[in-house]
Amino acid sequence: MAALDRVKVLVLGDSGVGKSSLVHLLCQNQVLGNPSWTVGCSVDVRIHDYKEGTPEEKTYYIELWDVGGSVGSASSVKSTRAVFYNSVNGIILVHDLTNKKSSQNLCRWSLEALNRDVAPTGVLVTNGDYDREQFADNQIPLLVIGTKLDQIPETKRNEVLTRTAFLAEDFNAEEINLDCTNPRYLAAGSSNAVKLSRFFDKVIEKRYLSRDGNQIPGFSDRKRFGGGTLKSLHYD
């Protein structure tokens, strides 16, 4: 069997939002029973059929890089973390639907990963909106995923989901809201599964089918770890 082509997708967001549980669900189609804090970066792989059911169908590896840490980390920590941002083809931004601060911090995470030097003016402004101009020239596909949907009180659900819909719009990204402890939210044929597949297709097209697929604006051409893949690092 020929080796499969692969793409690299960052999974970014505050500690505790459920990134590891999400990645495990996406790659293993199982609930992660005992999540642990991610130290450095943890990498898992999902097999994805590009343009499934069409003559262009082809199988790819999707590397999901779950980056640990806090967006408010010291500059030395951010500098160390920056090595994970090499040669990225897509970004999944993860926030906790019950924690508004984690939603606001997605702007900082994305700007850090995109290697921007400008201040994230969209964070903590009065009306909670983001400055769309900061992402106007972004060429990297983004997907916003909200977790812990089951923990939002029914009386507040519409308010929360309306706010997060504007958040995804500011990033020019599609949005998925789910509960990582319930695989049915990503069941085959569901709207969430369709959005996820569409995002991965877009990432693959950007990497392999677009003219500038090998040069992503905003990322340096730094060397990867000996050409290999970083191993998962977790506390047991």
Side-chain angles (χ1 to χ4, degrees), residues 6-48 61-74 77-78 80-85 88 90-106 108-110 112-113 142-154 156-157 160-161 164 175-188 190-193 195-197 199-200 203 225 228-236:
R6 62 186 63 212
V7 293
K8 176 179 176 180
V9 176
L10 291 177
V11 182
L12 303 177
D14 288 355
S15 297
V17 298
K19 298 190 302 295
S20 297
S21 295
L22 173 65
V23 169
H24 190 80
L25 183 61
L26 293 177
C27 296
Q28 310 300 330
N29 196 31
Q30 295 177 344
V31 174
L32 183 60
N34 187 25
S36 56
W37 295 104
T38 301
V39 180
C41 184
S42 175
V43 183
D44 208 343
V45 176
R46 174 188 173 97
I47 296 177
H48 174 71
Y61 283 138
I62 309 290
E63 292 181 354
L64 295 172
W65 289 54
D66 171 11
V67 179
S70 167
V71 76
S73 301
V77 176
K78 290 183 179 181
T80 302
R81 194 161 59 205
V83 73
F84 303 135
Y85 301 153
V88 169
I91 300 175
I92 296 177
L93 298 168
V94 187
H95 63 112
D96 176 351
L97 292 167
T98 68
N99 182 348
K100 189 174 181 180
K101 180 71 172 178
S102 72
S103 305
Q104 294 170 330
N105 281 342
L106 290 185
R108 293 184 181 275
W109 277 109
S110 56
E112 179 183 314
L142 302 175
L143 177 67
V144 177
I145 296 185
T147 62
K148 307 183 184 180
L149 179 61
D150 58 309
Q151 297 182 24
I152 304 176
E154 205 61 48
K156 294 185 177 181
R157 185 161 294 192
V160 171
L161 297 186
T164 60
E175 176 190 38
I176 294 175
N177 296 314
L178 47 67
D179 166 17
C180 293
T181 65
N182 192 336
R184 74 178 178 83
Y185 282 97
L186 293 174
S190 66
S191 61
N192 284 344
K195 290 178 183 179
L196 186 67
S197 180
F199 168 71
F200 287 142
V203 170
F225 296 91
T229 302
L230 187 68
K231 295 182 179 179
S232 297
L233 296 174
H234 280 292
Y235 282 130
D236 292 324

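Every value quoted in this text rests on a predicted model; they were computed, and no experiment measured them. Only heavy atoms go into these numbers, but all of them, side chains included; no hydrogens, no water, no symmetry mates.
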Q | Step-by-step side-chain contact (heavy atoms from CB on, under 4.5 Å) determination, Trp65 to Val88 | A | CA-CA 10 Å; Trp65 289 54; Val88 169; over 6 Å; no
Q: List in chain and number order the residues that pass ring-ring contact (aromatic ring centres under 6.0 Å, His included) with His48, two or more places apart in sequence or in another chain; answer none if no residue qualifies.
A: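 Once residues adjacent in sequence are excluded, the partners of His48 under the ring-ring contact (aromatic ring centres under 6.0 Å, His included) criterion are Phe200.
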Side chains of [X] and [Y], heavy atoms from C-beta outward: is any pair under 4.5 Å?
X      : Y      : result
Thr181 : Ser21  : no
Leu25  : Leu32  : no
Leu12  : Tyr85  : yes
Cys27  : Val23  : yes
Leu178 : Leu149 : no
Ser110 : Leu93  : yes

What is the distance from atom [atom1] of [X] to atom [atom2] of [Y], rounded to the nearest 0.5 Å?
X      : Y      : atom1 : atom2 : result
His24  : Cys180 : NE2   : SG    : 11.0 Å
Tyr185 : Leu22  : OH    : CG    : 14.0 Å
Asn192 : Arg184 : CG    : CZ    : 10.0 Å
Lys8   : Ile91  : NZ    : CD1   : 10.5 Å
Leu196 : Ile92  : CG    : CD1   : 6.5 Å
Ser191 : Leu186 : OG    : CG    : 9.5 Å

Q.
Suppose we screen for side chain to side chain contact (heavy atoms under 4.5 Å, CB included). Which residues come up paired with Thr164, at least two apart in sequence or across chains?
A.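 In terms of side chain to side chain contact (heavy atoms under 4.5 Å, CB included), with neighbours along the sequence ignored, Thr164 is linked to His95, Leu97, Val160, Leu161, Glu175, Asn177.
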**Q.** With Glu154 via side chain to side chain contact (heavy atoms under 4.5 Å, CB included) - residues at least two apart
**A.**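 Glu154 satisfies side chain to side chain contact (heavy atoms under 4.5 Å, CB included) with Arg157 only.
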At their closest point, which heavy atom of [X] faces which heavy atom of [Y], and how far apart are they?
X     : Y      : answer
Ser20 : Ser36  : OG-O, 4.0 Å
Lys19 : Val11  : CD-O, 3.7 Å
Ser15 : Ser70  : OG-N, 4.5 Å
Val94 : Leu106 : O-CD2, 3.4 Å

Q.
By the definition side-chain contact (heavy atoms from CB on, under 4.5 Å), identify the one residue from Cys41, Ser42, Pro35 that meets it with Thr38.
A.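 Only one of Cys41, Ser42, Pro35 forms a side-chain contact (heavy atoms from CB on, under 4.5 Å) with Thr38, namely Ser42.
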Q: Just jot down the salt bridge (Lys or Arg N to Asp or Glu O under 4.0 Å) partners of Asp179, sequence neighbours excluded, or say none.
A: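 Testing Asp179 for salt bridge (Lys or Arg N to Asp or Glu O under 4.0 Å), a comparison that skips the adjacent residues, returns none.
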Q) Which residues satisfy the salt bridge (Lys or Arg N to Asp or Glu O under 4.0 Å) test with Lys148, sequence neighbours excluded? A)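 For Lys148 the salt bridge (Lys or Arg N to Asp or Glu O under 4.0 Å) partners, ignoring immediate neighbours, are Asp96.
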Q: Any chance you could lay out the side-chain contact (heavy atoms from CB on, under 4.5 Å) test for Phe199 and Ile176, step after step, and finish with the verdict?
A: CA-CA 11 Å; Phe199 168 71; Ile176 294 175; over 6 Å; no
Q) So, Arg46 side chain and Leu26 main chain: donor-acceptor pair closer than 3.5 Å or not? A)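 Pair found, side chain donor or acceptor close to backbone of Leu26.
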Q: Go through the structure and list residues passing side-chain hydrogen bond (donor to acceptor under 3.5 Å, both in side chains) with Gln28, not counting sequence neighbours.
A: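 Gln28 satisfies side-chain hydrogen bond (donor to acceptor under 3.5 Å, both in side chains) with Asp44 only.
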